[in-house]
Amino acid sequence: MKTNNSTAFFEYLKTKTESAWENTEPNENFGSYILPGTKWKPGLSADMLHAFEQEMGYTFPEPLRNFYRTMNGLEPHPDLNEDMSRIFYSYPEDLNKIRSRIEWIYKSTHTTPALLKARNISRIFPVWGHRFIMIDEPGHPVLSMYGNDIIFYGFTLAETFLREFLDIHSKRQYNTPVVPFWYPGWRKYPKMPKYKPRKGVMTKWIQKMKRNVILQKRAMG
């Protein structure tokens, strides 16, 4: 199936991950918090999704809406006080945790919602663990955000999900995009000095002796 952010694609991912988790061993591949037989909770209804958006104060971008239309966290629901590297946030159970994660990033980067609005900076939303989708950025890329430690993680939510949980990699893309304020882009290494063949260190006397030896060998044929 073509990788995109449609509900059909997320349904495909839902089926594939549940199949992968059916017989997985604890602590293998998916971490100790995704247990054998883990299933996705049903997606949110239109009314629940609208209520979720109202709680957050903005309309979700279409990739995030399609994700929550399809699935809404895991069952059994993991303990979010543990390592959250692969924990999906569920509504309404994890609403306070979602807000807390966002506030932590704002505090760590010395910013506020008012500042984001004033400077036209994208809002952020944690989908799972430390993976945040960019709400207002074109294409809605995903960044890994742990305090002020921020790196580019995926071009789209679907592509990131596919790679992270099914180890399926889409066509390699280069030139990671710049996300204003959050991610300035890949910093190229400074230019290295051009390589110069090593000539060695010789005094003028040694150079003269070497030249005389060469001339003598030539004279002797």
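Rounding to the nearest 0.5 angstrom, the gap separating the CG atom in Asp149 from the OG atom in Ser108 is 10.0 Å. For the atom pair CD1 (Ile121) and CD1 (Ile135), the distance works out to 15.0 Å, reported to the nearest 0.5 Å.
Pro61 has its side chain out of reach of Met134: every pair of non-hydrogen atoms, C-beta onward, lies at least 4.5 Å apart. Side-chain contact check for Glu55 versus Leu95: some heavy-atom pair is nearer than 4.5 Å. Taking the side chain as every heavy atom from C-beta outward, Glu22 and Pro36 never approach each other to under 4.5 Å.
Residue Lys117 places its NZ atom among 12 or fewer non-hydrogen atoms of other residues, nucleotides or ligands, all under 6.0 Å distant.
The aromatic rings of Phe152 and Tyr183 sit tilted, their planes meeting at an angle between 30° and 60°. Between Phe10 and Phe67, the angle of the ring planes goes over 60°, which puts this pair in the perpendicular group of the 30/60° scheme.
Look at Arg163 and Glu159 and you find a salt bridge, because one of the NZ, NE, NH1 or NH2 atoms lies within 4.0 Å of a carboxylate O, short of that distance.
The ring pair (Phe, Tyr, Trp, His ring centres under 6.0 Å) test with Phe161 singles out one residue from Phe9, Tyr12, Phe88, and that residue is Phe88. Just one of Lys97, Glu75, Lys41 meets the side-chain contact (heavy atoms from CB on, under 4.5 Å) condition when paired with Ser90; it is Lys41. With Val127 as reference, Ile133 is the one residue of Ile98, Val142, Ile133, Thr160 to meet the side-chain contact (heavy atoms from CB on, under 4.5 Å) rule.
In this structure a side-chain-to-backbone donor-acceptor pair under 3.5 Å is missing from Glu11 to Thr70. Counting only distance, with no hydrogens or angles, the side chain of Thr111 and the backbone of Tyr106 share no donor-acceptor pair below 3.5 Å. Remark: the backbone N or O of Asn72 is not paired with any side-chain donor or acceptor of Tyr89 at under 3.5 angstrom.
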Taking it one step at a time, do Arg123 and Tyr58 satisfy side chain to side chain donor-acceptor pair (under 3.5 Å)?
CA-CA 10 Å; Arg123 291 162 291 188; Tyr58 50 80; over 6 Å; no

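Of all the heavy atoms in Met48 and Pro92, the pair that sits closest is CE-CD, 4.2 Å. For the residue pair Ile150 and Gly147, the shortest heavy atom distance occurs at CG1-O, 4.1 Å. In terms of heavy-atom proximity, Pro184 sits nearest to Val178 at O-CG2, 3.3 Å. When all heavy atoms of Ala158 and Asn4 are compared, the closest pair comes out as CB-O, 2.9 Å. The shortest non-hydrogen separation linking Glu18 to Trp40 is OE2-N, 2.9 Å. Between Tyr91 and Leu44, the shortest heavy-atom contact is O-CD2, 4.1 Å.
Counting only residues at least two apart or on different chains, the salt bridge (Lys or Arg N to Asp or Glu O under 4.0 Å) pairs with a member in residues 58-68 are Glu53-Arg65, Glu62-Arg69.
Both Val179 and Tyr146 are members of a single hydrophobic cluster when ILVMFWY side chains are connected at heavy-atom separations under 4.5 Å. Connection of Phe132 to Leu115 is not established within any shared hydrophobic cluster, with ILVMFWY side chains joined at heavy-atom distances below 4.5 Å, either directly or through further cluster members.
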